[in-house]
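These values consider heavy atoms only, across backbone and side chains, with no hydrogens, waters or symmetry-generated copies. Just so it is clear: chains get the letters A, B, ... in the order the sequence lines come, proteins before strands, and each one is counted from 1.
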Amino acid sequence: MSDLILAGGTVLTPKGLEETDVRIRDGLIAEIGPGLEGDETIDCGGAWVGPGLVDLHVHFREPGQEWKEDIESGSRTAAVGGFTAVFAMPNTDPATDSGHVARYVSARGTEVGLVEVLPVGAITRGRAGKELAHLDELWAAGVRVFSDDGDVVADAGLLRQAMDYLAARGGVISQHAVDVGLSSGGYMHEGSVSSLLGMSGIASAADDVILARDIRLVEMTGARYHVQHLSTATGVDLIAGAKAKGLPVTAEVTPHHLAFDHTAAQTTDPAYKMMPPLRSEDDRAALRYGLEIGTIDIVGTDHAPHAAHEKEVPWEHAPNGVLGLEWAAAVVNTFTDLDQSAFYDRLSVAPARIGQLDGQGMLLAEGGRANLTVFDPSIEWTPSTTVSKSQNSPYFGLPLQGKVVATIYQGTVTARDGIAVS
Amino acid sequence: MNHFLTIEGLPADDLNGLLDDADEFVEVLHRPIPKVPALRGKTVATMFFEPSTRTKMSFEKAAKALSADTMSFSPGTSSLSKGESLKDTVLTIKAMGTDAMVVRHKATGAPWRIAEWIEQPVLNAGDGAHQHPTQALLDSLTIRQHFGTLEGLKIGIIGDIRHSRVARSDIQAFSTLGAEVTMVAPRTLLPVDAAVFDATASEDLDEVLEDFDVVYVLRVQAERGGASVFPSLSEYTDRYGITKERFARLKPEAVVLHPGPMNRGVEIEGAVADDPRALILDQVFNGVAVRMAVLFRLLGGESNE
């Protein structure tokens, strides 16, 4: 195998940031130091070099909804966005609630080979919220993160059972924290915009009451708990409180909740419709600040492809969810003040740690696995296309600052300047 | 003006301009032959994805009084019941040849979506609980005819404001035209964030009733699950119904409006609805005139092309 040199970037190492070169050979970081030469060189001058991005929250729709996305198109999209590992949510058809579906998802990811695809296992059978899924089979298939994403585990007794079971093994519960009663019949954030539009809203409390309840269950069971797509200022406070108590709780925010608030929904363009909804400007400010100070541990894209014909309908009839993988890094850089270390922490190191993923999210050191992302924070650009199968992006036409220049997975370049390398 | 979708953001001059045009069409409608050739050769499609009788008939009457042809669509008998998408339905009707689409839909923003898919003018005939702009014009016209102006009038809008597109459009039109609007409803029927409207809110009708020059009575929408927002219809009538007793307490020159269809005995007592100071049938008549004004503005004259 030939040598690939990343030349002249600011490299994130355990010792700190170094302006230097990186030699990649045989899937590993062979050498870090100045003046390296090899068969192929990527000029990283002015760019950040750090561990490959890890997304704890994507929807690749396979098996079952391949008209929206599949593991191949999703992997390509992830590579272009700088990701080297993604956790695929189990709301597939069939749901990832058994060992063989989980094995299929990871094997298909390996076959495509552009990004490591980790299946998230369902907490309940069929994600129906009635009885536990085959947690034993899922665990044996390597699943470490469990979620009924798309639906909350509404039954606190059942959630407690799952927490007790997984606490003993060290697995992670990833909760879609939205109360059913407070959200049903609602289409957007309940507030000034919903009042103006006459649309039924979803109060912020819908998220907060589940999170508060679940934190109490974590206190009782000791299970590791991760709250998905935090959307409210109160949610940030609840997480801060739980962490102050030393509870094993982590939190995620999506790029779209950093970039937009509910005024974007005033257009009734379904490109801005998702769950939980875009909330108030105050909520958005609290989320940004929470991510900056680390109360919110990670950015998870909740990349949720929907076909054009599914979104070309009035708002109320459109499915929830927007694309995110391709623009997440740029959105985080545009809308927060994270420096290079914090940027890679929230987008790589912390999600790999929460997902208990080996060989990803590691600061660059000689001998380490070559899963790397080069990000140039100075590039200004405006997205207008996507490599996803679907087109439901809220970022088309939005000026962004910073762009993924190259993605390297297992020592091989998987994307350069927005183009996937097949 | 390419489309007519919302009252929100329309300046007073534009509103008054449309009302001035409507006044002229009122005169046309009083002629022995109430018809002008202004839109001869044009076709107006009325597309009511949500059932409606009066608004649809009113638009069709308005189009015909301008000599336009009309074609209509009703969801019960259409391909929608066979699962056709909204976009395909719209493109199909466009392909038949239509110069404007009048759209009612129960989903908020549906006329805006349609306006993205076709280049012909779209007229919003009511979307969700959001907007019903021609209703606001006809209500404004009715009040302006009666008082000469809306400037300085005190208008109370009573009833299910939270779920009412009529209320949203009216509040915006009335306040833009200089009236002082009060929303009167129990908390469960007021907008969650009432502050977004240029109006004050009250939960006690009897406290504010005597201030009003215009009492605008909204229909109780029993089909919206009234029982879950107030315990019984009789409780609603007791607290918010315009009864003979409450009518008698109004200023002597005050008038009553209602967008119809009325629930006599619930939000309005029969005797009040039939009183000469109830302008309900004037509203219906004016509805044709304002829709003529809007259709003419969008489709009439070379200057718009």
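- Judged by distance alone, the side chains of A:Glu316 and B:Thr108 do bring a donor and an acceptor atom under 3.5 Å apart.
- The part of A:Gln266 that comes within reach of chain B is its side chain, from C-beta onward, which places non-hydrogen atoms under 4.5 angstrom from that chain.
- Neither the backbone nor the side chain of A:Ser200 comes within less than 4.5 Å of any heavy atom in chain B.
- The structure places OG of A:Ser195 at 10.0 Å from CG of B:Leu190, a figure rounded to the nearest 0.5 Å.
- Of the listed residues A:Thr267, A:Thr268, A:Val313, A:Asp269, the one with more heavy-atom pairs under 4.5 angstrom with chain B than any other is A:Thr268.
- With a 4.5 angstrom heavy-atom cutoff, B:Glu8 touches chain A only via side-chain atoms.
- Of the listed residues B:Ala107, B:Ala195, B:Pro111, B:Ala110, the one with more heavy-atom pairs under 4.5 angstrom with chain A than any other is B:Ala107.
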key: Trace of the side-chain contact (heavy atoms from CB on, under 4.5 Å) decision for A:Leu196 with B:His130   = CA-CA 7 Å; A:Leu196 206 54; B:His130 179 209; over 6 Å; no
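- Around atom CZ of B:Arg187, no more than 12 heavy atoms belonging to other residues, nucleotides or ligands sit under 6.0 Å away.
- Taking CD from A:Glu312 and OG from B:Ser85, the interatomic distance works out to 8.0 Å, rounded to the nearest 0.5 Å.
- In terms of heavy-atom pairs under 4.5 angstrom with chain A, the leader among B:Gln172, B:Arg113, B:Gln131 is B:Arg113.
- The neighbour count for A:Tyr289 OH, taken as heavy atoms of other residues, nucleotides or ligands under 6.0 Å away, does not exceed 12.
- For B:Lys154, the NZ atom counts as loosely surrounded, since its 6.0 Å shell holds 12 or fewer non-hydrogen atoms of other residues, nucleotides or ligands.
- For a residue to count as touching a neighbouring chain, one of its non-hydrogen atoms must lie under 4.5 Å from one of that chain's; by this rule A:Glu190 touches chain B with the side chain only.
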